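Report on one structure; see the data block that follows.
Convention: sequence-line order gives letters A, B, ...; per-chain numbering from 1. Note that the structure is a prediction, hence the values are computed from the model and not measured.
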Amino acid sequence: MARKFAPKMATANDLLEGDVVYFTKAGDWSRAIGDAALAVNQEAADELLARASKFPNQVVGVYLVEAGIDPCGCAAPVHFREVFRTRGPSNYPQHGRQAEHS
Amino acid sequence: MYRYDDFDRDYVNGRVAEFREQVERRIAGGLSEDEFRPLRLMNGLYLQLHAYMLRVAIPYGTLNAAKMRQLAMIADRWDKGYGHFTTRQNIQFNWPKLRDVPDMLAALAEVEMHAIQTSGNCIRNVTADHFAGAAADEIEDPRPTAELIRQWSTDHPEFTWLPRKFKVAITGAPHDRAVTRAHDIGLRMVRDDAGEPGYEVIVGGGLGRTPILGKVVREFLPKADLLPYLEAILQVYNRFGRRDNKYKARIKILVHEETIEVMRARVEAAFAENRAVMGRVDPALEASIAEAFAPPAFEPPTDLRPVLSAGLRSFVDTNVSAHRLAHYGVVTISMKPVGGTPGDATSDQMRVIADLAEAFGHDDIRISHEQNVILPHVARRHLPALYERLREAGLATANVGLVSDIIACPGMDYCALATARAIPVAQQISETFADLDRQRDIGPLKIKISGCINACGHHHVGHIGILGLDRAGVENYQITLGGDGSETAAIGEKTGPGFAYDEIVPAVERLIEAYLDLRLEPGESFLAAYRRVGIEPFKAALYETEARSDAA
């Protein structure tokens with residue numbers, strides 16, 4: 001039996017600022033992971049990566065990553081690396097994305 | 001301090017102008033990321049987890065107050081008010097914006113600094129003993145040689161696209177503070193039978209995924225033969241080094257696969273040819289470099305003995321080392337406060353260090369690969385005043401060489417390559433052992449932490465090494481014991497299965513408790529005890545205790 005497909009989102013770093021961005025349902029880039037478009041099967045994931053890769057002068061290093069779905073139906077990070085990318089460095093809570101939420 | 005000549009100045013300014021244009025073209029879309037990436041890396045600019053990172057070279061770890069103040073200014077103006085001193089004597093800024101980087105490089109060039117050769121498959125920034133020119137045990141200051149190597153290697157046309165990066169470390173002292181055996185080339189100054197100084201040349205050392213200690217390729221190389229000999233090693237590596245597999249491309253793999261004997265024969269043959277055509281380094285150039293590293297105008301000895309408070313006595317015990325002049329000391333400023341990030345300095349701290357270097361240290365500052373800052377020339381009569389100023393700035397932690405003087409790479413808090421965090425593990429260990437009396441009782445102990453197998457945190461040569469890995473989506477920390485980066489170098493031995501993030505600090509505590517139980521006397525260091533009893537008692541402490549608590 002085929003393994004169950006894990007939902008994916010597309011992420012990258014902003015060219016000018018260098019910070020973490022997510023490809024959205026609206027077809028542009030957002031700093032909020034909750035805006036990320038989710039692909040729920042392989043075909044949709046391939047299409048998501050293809051669409052997200054059309055911004056070579058806006059973002060750098062586009063890749064697909066496994067996404068969870070939070071109780072509100074929004075994308076959420078699964079792997080700890082992606083959790084850290086939503087926050088910032090653990091040694092300075094005042095730096096990175098986490099500073100905006102505190 | 002080496003001062004740029006017109007050639008150096010034009011070259012560095014030219015590189016800044018060139019990179020400014022490249023950044024503009026990237027932003028305008030004229031360069032793709034694939035085209036831009038190698039260009040930005042040649043200028044020290046990485047893209048990390050949360051932001052860009054600019055790695056600035058501190059050649060052979062030497063700074064002065066003006067340079068340190070400029071680093072502070074850059075941290076304030078274009079970054080977040082701090083910098084991170086690295087295990088290769090560089091400084092990294094963690095939050096630059098792409099548009100600002102050319103201005104940052106221009107500001108560096110104003111004080112004769114740059115970010116060239118801090119990345120890419122070239123000969124990287126040459127590292128040196130951080131006590132160079134000051135240590136009591138030194139034969140000669142190795143920095144004139146390091147500067148000569150910098151001049152020879154910068155943009156060397158034959159060695160700009162090597163199979164992989166290439167790191168050279170140099171020491172002028174028998175006690176190896178520069179980890180020479182873990183570098184592609186290590187140079188250790190020695191004397192021949194006639195008492196003339198020259199170099200023992202070590203080749204093929206390196207840490208990373210395949211840790212190997214370098215082997216001696218030439219026991220004694222006269223100083224005059226250095227460049228033709230180095231050129232020979234690089235030629236052999238450039239020709240025979242593996243380009244088919246990135247993970248087998250370092251010179252250590254070539255030496256390992258082909259043996260040191262084959263390597264030596266090839267190097268000596270190339271050296272014979274080079275020597276005939278290269279000739280000697282221009283004596284005037286040699287003299288001008290040597291002049292740039294001339295010792296400062298030391299003050300004469302006095303009969304005055306400073307009165308040491310209890311706090312200062314502890315500080316002197318751990319943070320002040322023997323200087324070649326008895327009335328001077330080498331002062332290490334610990335960048336490892338309890339709970340702090342190893343190697344981080346705020347811009348305010350950088351300015352304090354600059355002020356103190358001018359007031360008490362002949363305007364000389366060093367950065368160590370152990371991520372501390374050194375004032376190499378401090379007259380002992382100044383120690384009380386210096387200590388007070390350091391205390392006021394929160395820079396007087398008396399823990400150098402002790403359990404909380406930890407090396408840690410940036411790990412997954414910053415680095416895009418990391419597989420786990422390193423900094424918070426270091427922070428927790430230093431908090432666990434915050435009590436300085438307890439630290440002094442434990443004695444000399446080097447803990448080194450890397451957040452991936454690339455081993456920037458030198459974990460293989462830590463007495464206790466910690467390697468952070470990603471095991472099935474969870475941070476996991478592997479322990480090695482018995483590593484040593486000094487003249488008695490050794491690669492640490494793995495203890496067994498790794499530990500989860502919340503188990504690693506208790507595991508380190510168990511190791512240290514085991515050591516305290518089994519040492520013969522307080523003077524037997526952790527490393528000495530380990531060498532005497534081997535790994536088994538420590539494995540028992542790590543795993544049997546764990547098994548007991550699981551069974552309970």
Let me confirm one number: the [atom1]-[atom2] distance from [X] to [Y], rounded to the nearest 0.5 Å.
| X | Y | atom1 | atom2 | answer |
| --- | --- | --- | --- | --- |
| B:Leu49 | A:Arg87 | CG | CZ | 13.0 Å |
| A:Asn57 | B:Glu33 | CG | CD | 9.5 Å |
| B:Trp95 | A:Tyr92 | CH2 | OH | 11.0 Å |
| B:Tyr414 | A:Asn91 | OH | CG | 3.5 Å |

Task: Ring centres under 6.0 angstrom apart (B:Tyr82, A:His95) - done: yes

Please state whether the side chain, the backbone, both or neither of [X] comes within less than 4.5 Å of a heavy atom of chain A.
| X | answer |
| --- | --- |
| B:Pro96 | backbone |
| B:Val23 | neither |
| B:Glu475 | both |
| B:Arg37 | neither |
| B:Ala416 | both |

Open item on the list: Among B:Thr419, B:Asp100, B:Leu47, which residue has the highest count of heavy-atom pairs closer than 4.5 Å to chain A?
Closed with: B:Leu47

Task: Closest-packed option against chain A by number of heavy-atom pairs under 4.5 Å, given B:His50, B:Lys80, B:Gln427, B:Lys97 - done: B:His50

TODO: Of all the heavy-atom pairs spanning A:Leu15 and B:Tyr52, show the shortest one and how long it is.
DONE: O-OH, 2.5 Å

Task: For the student: nearest non-hydrogen atoms of A:Ser90 and B:Arg421, plus distance - done: OG-CD, 3.7 Å

Task: pair B:Asp470-A:Arg81: side-chain heavy atoms closer than 4.5 Å - done: no

Task: A:Glu17 vs B:Leu98 side-chain heavy atoms within contact, under 4.5 Å - done: no

TODO: Give a yes or no on whether A:Arg31 atom CZ has more than 12 heavy-atom contacts from other residues, nucleotides or ligands under 6.0 Å away.
DONE: yes

Task: More than 12 heavy atoms from other groups under 6.0 Å of NZ on B:Lys246 - done: no

- [ ] Considering only heavy atoms and a distance below 4.5 Å, find which of A:Val20, A:Asn13, A:Asp19 pairs most often with chain B.
- [x] A:Asn13

